[in-house]
There are 2 protein chains.
Amino acid sequence: MQFSNVAERREQPPALAVSTVIFSLRDDERTGRKSLWLPLVRRTREPFRGQWALPGGPLGPRDSLFDAAANNLRDTTGLIPRYLEQLYAFGDLDRSPTRRVVSVVYWALVREDDPHDTATSVLLDDSNVAWFRADDPEVLGNLAFDHRQIIEYALWRLRNKVEYGSIAHRLLGERFTLAQVREVYEAVLDKELDPANFRRTLRSTPDIEETDEFLAGGKHRPPRLYRYTGSTTHPLESENIS
Amino acid sequence: MQFSNVAERREQPPALAVSTVIFSLRDDERTGRKSLWLPLVRRTREPFRGQWALPGGPLGPRDSLFDAAANNLRDTTGLIPRYLEQLYAFGDLDRSPTRRVVSVVYWALVREDDPHDTATSVLLDDSNVAWFRADDPEVLGNLAFDHRQIIEYALWRLRNKVEYGSIAHRLLGERFTLAQVREVYEAVLDKELDPANFRRTLRSTPDIEETDEFLAGGKHRPPRLYRYTGSTTHPLESENIS
DNA sequence: CGAATAGTGTCTCTCAGACACTATACT
DNA sequence: AGTATAGTGTCTGAGAGACACTATTCG
């Protein structure tokens with residue numbers, strides 16, 4: 001769509017876009033602990049050409065908001081959503097220097113070993129997609145649009161949500177040890193937790209069930225593997241496909 | 001804007017609207033307790049002509065989302081926002097039978113005695129605006145669009161938020177007794193609370209400060225009046241003007 | 001065996017809820 | 001005085017955190 005002049009453009013209705021903040025857990029070589037990472041996409045057009053931005057794009061007429069966010073996820077990571085929830089709608093007048101855009105932002109949690117959609121996996125080599133530490137100030141400081149504030153808000157929500165419960169397992173595999181869950185909490189909350197008390201707290205929730213399997217291979221007593229037997233919160237707060 | 005045929009309309013970009021769920025506390029003559037009420041607007045055009053709907057309308061090119069919600073509030077109640085927060089963006093394909101609409105919904109808390117904007121107070125006589133009990137199934141069952149689900153979600157959020165704290169005073173005046181705060185909690189949570197324990201809990205929060213005044217007039221010992229000395233949560237979660 | 005983590009027992013402190021009790025206004 | 005609500009004191013049980021201790025596997 002083209003506009004003949006600035007005044008006319010200004011009176012166009014606001015455009016609607018959907019972006020997605022995608023979190024995953026990776027080993028941090030520097031600290032040795034796990035930490036949160038997220039993929040960004042390099043912009044190939046103005047405005048902010050060459051800078052990193054959240055995956056996203058305009059809302060197609062046949063996509064629900066959720067579908068659009070799921071497409072963001074698929075196109076940048078090749079993954080199917082396991083956890084995908086609406087974060088916030090950002091609509092300030094000056095978010096974009098060129099035209100008025102309202103962005104509905106979702107946030108996702110994925111695991112490294114989630115099954116890839118092979119049809120789109122060719123995109124994963126794309127040099128215009130890269131993963132960064134979610135709290136790297138160098139990266140956050142140079143993002144396009146207001147994406148820095150969006151990511152910081154997503155991190156805030158994640159931290160609040162993880163305390164509230166039942167989020168951590170989304171970043172893990174089907175079966176997991178309680179120590180792995182603790183590592184997730186420690187990465188997200190950025191503090192150490194007492195293994196004994198953490199274990200007891202987790203065991204007291206009905207959502208986590210023990211299996212008969214153990215994880216061998218460490219140089220210590222093999223830990224038992226557990227499984228998540230999910231419960232739902234409010235329907236809108238968990239449109240996720242499990 | 002007109003469309004020559006259905007196919008063309010279907011490919012138009014989704015329209016963007018802002019609606020607002022406005023809660024207030026009123027005496028319920030039937031139960032004698034306080035309960036939650038909200039204003040609705042009768043639709044004067046198709047679709048859903050004649051049915052009740054949430055106050056709202058299309059997003060103007062010069063309004064931020066927050067401004068648009070504040071305008072909804074002013075136009076239906078004449079009130080300035082004291083608490084106004086984004087609730088959710090609703091974007092399913094079939095929300096409206098005529099065209100694709102994405103609605104960003106806000107929710108507001110107001111007091112009966114909030115100052116009115118006199119310039120718009122003429123609208124308050126409008127027979128197309130009326131207040132209803134927020135949990136009246138008769139009303140909820142006949143709303144336009146998906147507004148029933150929206151209101152139920154807003155109620156859910158309110159209940160969760162009020163437990164989390166610091167919301168109740170928004171429905172009250174500048175100075176209030178602890179029993180009034182308890183009435184708010186009881187109305188929102190729809191259960192009775194122990195006055196002694198509730199009092200102790202509230203006093204232990206730093207956000208509520210006692211004044212030197214007492215509320216006379218009841219046929220009992222006059223209760224002390226308190227004042228709220230607010231704290232902020234996350235900026236995005238409280239864009240409210242206090 | 002020692003190292004390392006898994007997993008248990010137990011003490012303490014804090015806080016929510018139940019509820020008896022005292023205080024002070026009104027009629 | 002009687003009533004109604006304000007406001008205090010105190011007991012109990014559940015849960016969070018500190019931390020000592022036992023269990024089991026690997027090298």
Side-chain angles (χ1 to χ4, degrees), chain A residues 27 31-34 159-166 168-169 172-173 175-227, chain B residues 27 31-34 159-166 168-169 172-173 175-227:
Chain A
D27 287 312
T31 67
R33 282 207 301 185
K34 301 268 188 188
R159 279 190 250 273
N160 280 90
K161 200 99 181 180
V162 85
E163 296 208 61
Y164 185 41
S166 70
H169 70 280
L172 297 170
R175 283 151 210 276
F176 45 81
T177 69
L178 298 187
Q180 287 171 332
V181 181
R182 181 167 48 81
E183 283 182 311
V184 175
Y185 274 69
E186 288 179 342
V188 170
L189 300 178
D190 196 29
K191 69 174 176 190
E192 297 200 347
L193 301 169
D194 183 291
N197 295 329
F198 186 84
R199 144 181 226 83
R200 205 180 350 254
T201 305
L202 267 198
R203 293 309 319 274
S204 74
T205 76
D207 294 342
I208 286 180
E209 193 174 70
E210 71 178 34
T211 72
D212 293 334
E213 297 167 69
F214 295 80
L215 180 65
K219 41 183 145 187
H220 51 77
R221 174 176 173 178
R224 187 184 287 275
L225 289 168
Y226 292 79
R227 185 178 349 133
Chain B
D27 288 312
T31 67
R33 282 206 303 183
K34 301 269 187 186
R159 280 189 248 276
N160 279 90
K161 201 97 181 181
V162 84
E163 298 209 61
Y164 185 38
S166 71
H169 69 282
L172 297 170
R175 284 152 210 276
F176 44 81
T177 69
L178 298 188
Q180 287 172 332
V181 181
R182 181 167 48 81
E183 282 183 310
V184 175
Y185 273 70
E186 288 179 343
V188 170
L189 300 177
D190 196 29
K191 69 174 175 189
E192 296 199 349
L193 301 170
D194 183 290
N197 295 329
F198 185 84
R199 147 179 222 82
R200 211 185 340 261
T201 306
L202 266 199
R203 292 310 318 273
S204 74
T205 75
D207 293 343
I208 286 180
E209 193 175 69
E210 72 177 31
T211 71
D212 294 333
E213 297 167 67
F214 295 81
L215 181 63
K219 42 182 148 192
H220 50 77
R221 173 175 173 178
R224 187 184 287 275
L225 288 169
Y226 291 80
R227 185 181 346 133

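Each chain gets a letter, A, B and so on, in the order its sequence line appears, and its residues count up from 1.
Heavy atoms from other residues, nucleotides or ligands lying under 6.0 Å from CD of B:Glu192 number 12 at most.
For the pair B:Glu192 CD and C:dA18 C1', the interatomic distance rounds to 15 Å; values are reported in whole Å. As a whole-Å value, the separation of A:Leu178 CG from C:dT5 C1' is 13 Å. What separates CZ of B:Arg199 from C1' of C:dT22 is a distance of 13 Å, to the nearest Å. In this structure, the CG atom of A:Leu193 is 16 Å from the C1' atom of C:dT5, given to the nearest Å. Atom-to-atom, CG of B:Leu215 to P of D:dA4 comes out at 18 Å; the value is rounded to the nearest Å. The interatomic distance linking A:Phe198 (CZ) with C:dA6 (C1') rounds to 15 Å, in whole Å. Counting to the nearest Å, the P atom of D:dA6 and the CD atom of B:Glu210 are 16 Å from each other. Regarding A:Leu202, its CG atom lies at a distance of 13 Å from the P atom of C:dA6, rounded to whole Å.
Taking the charged nitrogens against the carboxylate oxygens, B:Arg227 and B:Glu210 have no contact shorter than 4.0 Å, which rules out a salt bridge. With respect to the salt-bridge test (charged N to carboxylate O, under 4.0 angstrom), the residues B:Glu213 and B:Arg224 do not qualify. Salt bridge status for A:Glu186 with A:Lys34: absent, with no side-chain N to carboxylate O gap under 4.0 Å.
Taking the six-membered ring for Trp and thresholds of 30 and 60 degrees, B:Phe176 and B:His169 have ring planes inclined between 30 and 60 degrees apart.
Contacts with DNA chain D (heavy atom under 4.0 Å) in residues 217-225 of chain A: A:Gly218, A:Lys219, A:His220, A:Arg221, A:Pro222, listed by number.
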Between the protein and nucleotides 13-17 of chain D, list every N/O to N/O distance that falls short of 3.5 Å.
{"from": "D:dG17", "atom 1": "N7", "to": "A:Asn197", "atom 2": "OD1", "distance (Å)": "3.4"}

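To the nearest 0.5 Å, atoms CD1 (A:Ile208) and CG (A:Leu178) are separated by 6.5 Å.
Contact detail for A:Leu193 and A:Tyr185: the closest heavy-atom pair is CD1-CB, 3.6 Å. Pairing each heavy atom of B:Arg199 with each of B:Tyr226, the nearest pair is NH2-OH, 3.5 Å.
Here B:Ala179 lies in heavy-atom contact (under 4.0 Å) with sugar-phosphate atoms only.
Checking each of A:Asp207, A:Val181, A:Asn197 against A:Leu202 for a side-chain contact (heavy atoms from CB on, under 4.5 Å) leaves exactly one that passes, namely A:Val181.
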